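Remarks on the structure that follows.
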Amino acid sequence: MILSRTKIPARNRWARRIRRRALIAGTVLSICAPGTGRADAEGPSTFDVSACETRTRARLQWLVARADSREQYADFWWRSWIGFYAVGVGVQSTRAGLEDDGGKRADLIVGAVKAVGGVTRLYFTRPVARLGADLLRVEPLPDETACLDRVAQGEELLQQSARESDRRWGWKSHLFNVALNMAGAVIVTQAFDEKAGWTSAGIGIAVGEAMLWSHPWHGRSDLEEYEASFEPEPPPISWSLQPYRMGLRLQMTF
């Protein structure tokens, strides 16, 4: 008795891949969601700023409150995507080890390698917003000098967050995403004659773009709002009379 193997249409294989990866993504999100933010779990944290002068206190409280408000999403984003790629490493590696077809195995190996790259990149480039205001609370504020130093630290974190949020608009990140996936597709299709490499490349590009565009994006607008709210105070204007040749000169300083 000879058993025949029914060939699955390409469209159905595409649908199965999408459903499988959507299931993985949903599982990772459900695992990562419970521990997404200290600020919401414990409520807004406070610390003693009584040693700060009025304007310094206002700036520091703004920085702390805004950092706390951005922590939950940034932490959720990071946990979700690094978890998604970590699961991808395991799934693609396992499937590659069980696959007999050389072309399909190559496609799976390339997918696993790309997933390893995703995990590595996210591990070493964690968004600063996921730290919340923890770094601004680590030590007490004994005097105005310490308050000003803490404000400067908060401003640096805000500027770093703005630079990170700008990456979603930069062409380099998107070009790298497309180039990486296309390179994998060329290897699989040309070296192993596996046409599914183009499908994998399309899915990989879509996933990479989703990660880039969902990156915490409020850093730049937060920085602009902060700068508009706390513009430097103009220096005081002073007048003085000074000797000048045979008379006096009125000098204004501002």
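When reading the values below, keep in mind they use all heavy atoms of this one structure, side chains included, and skip hydrogens, waters and symmetry mates. Keep in mind the model is a prediction, meaning the values are calculated, not measured.
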Any side-chain heavy-atom pair of Asp134 and Val138 under 4.5 Å: no
Same hydrophobic cluster for Met211 and Tyr73, using side-chain heavy-atom links shorter than 4.5 Å among ILVMFWY? yes
Once the angle between the rings of Trp81 and Tyr85 is folded into 0 to 90°, is it parallel (under 30°), tilted (30 to 60°) or perpendicular (over 60°)? tilted
With distance as the sole test, does Glu144 use its side chain to make a donor-acceptor pair with the main-chain N or O of Glu53 at under 3.5 Å? yes
Quick check against the 3.5 Å criterion: does Arg66 have a side-chain atom that pairs as donor or acceptor with the backbone of Leu63? no
Would you confirm whether Asp107, through its side chain, and Gly103, through its main-chain N or O, come within 3.5 Å as a donor-acceptor pair? no
Tell me, do Val186 and Trp198 make a side-chain contact under 4.5 Å, heavy atoms counted? yes
Test side-chain contact (heavy atoms from CB on, under 4.5 Å) applied to Val128 and Leu158, Leu135, Leu157, the passing residue: Leu157
Heavy-atom distance under 4.5 Å between the side chains of Arg59 and Glu155, does that happen here? yes
Scanning both residues in full, the closest heavy-atom pair of Pro127 with Pro216 reads CB-CG, 4.4 Å
What's the verdict on ring pair (Phe, Tyr, Trp, His ring centres under 6.0 Å) for Trp217 and Trp77, showing C-alpha distance, side-chain angles and the deciding distance? CA-CA 11 Å; Trp217 63 87; Trp77 178 89; over 10 Å; no
Taking every non-hydrogen atom, the tightest pair across Leu60 and Cys52: CD2-SG, 4.3 Å
Judged by atom type as modelled, is there a donor-acceptor pair below 3.5 Å linking the side chain of Trp78 to the main-chain atoms of Leu122? yes
For Gly170, is there any backbone N or O sitting under 3.5 Å from a side-chain donor or acceptor partner on Ser173? no
Hey, any chance Leu131 and Val151 share a hydrophobic cluster, counting ILVMFWY side chains that come within less than 4.5 Å of each other, even indirectly? yes
Considering non-hydrogen atoms only, spot the tightest contact between Val89 and Val116 and give its length. CG2-N, 3.5 Å
Contact between Arg150 and Leu141 at the side-chain level, heavy atoms closer than 4.5 Å - yes or no? yes
Is there a side-chain contact between Arg167 and Lys172, using heavy atoms and a 4.5 Å cut-off? no
Heavy-atom nearest pair, Pro142 first then Ala146, reads CD-CB, 3.6 Å
Distance-minimising heavy-atom pair for Arg130 and Ala74: N-CB, 3.5 Å
Do His174 and Trp213 have ring centres separated by under 6.0 Å? yes
Look only at the side chain of Ser80 and the backbone of Phe76, and say whether a donor-acceptor pair between them is shorter than 3.5 Å. yes
Check whether any side-chain heavy atom of Lys195 lies under 4.5 Å from a side-chain heavy atom of Asp193, and answer yes or no. yes
Does Leu136 belong to the same Ile/Leu/Val/Met/Phe/Trp/Tyr cluster as Leu148, with side-chain heavy atoms less than 4.5 Å apart forming each link? no
Between Arg220 and Arg163 the two heavy atoms that sit nearest each other are NH2-N, 4.2 Å
Using salt bridge (charged side-chain N to carboxylate O under 4.0 Å, His left out), reason through Asp68 and Arg137 one step at a time and then give a plain yes or no. CA-CA 11 Å; Asp68 279 340; Arg137 297 191 182 93; 2.4 Å; yes
Between Thr189 and Gly197, is there a donor-acceptor pair closer than 3.5 Å when you use the side chain of the first and the backbone of the second? no
Does a side chain donor of either Ser229 or Trp62 reach within less than 3.5 Å of an acceptor in the other side chain? no
Val110 with Leu180, same ILVMFWY side-chain cluster at under 4.5 Å: no
Would the distance check show the side chain of Ser165 and the main-chain N or O of Ala162 forming a donor-acceptor pair, the cut-off being under 3.5 Å? yes
Output, in order, the C-alpha distance, side-chain angles, deciding distance and verdict of salt bridge (charged side-chain N to carboxylate O under 4.0 Å, His left out) for Asp101 and Arg105. CA-CA 6 Å; Asp101 184 275; Arg105 186 188 308 114; over 6 Å; no
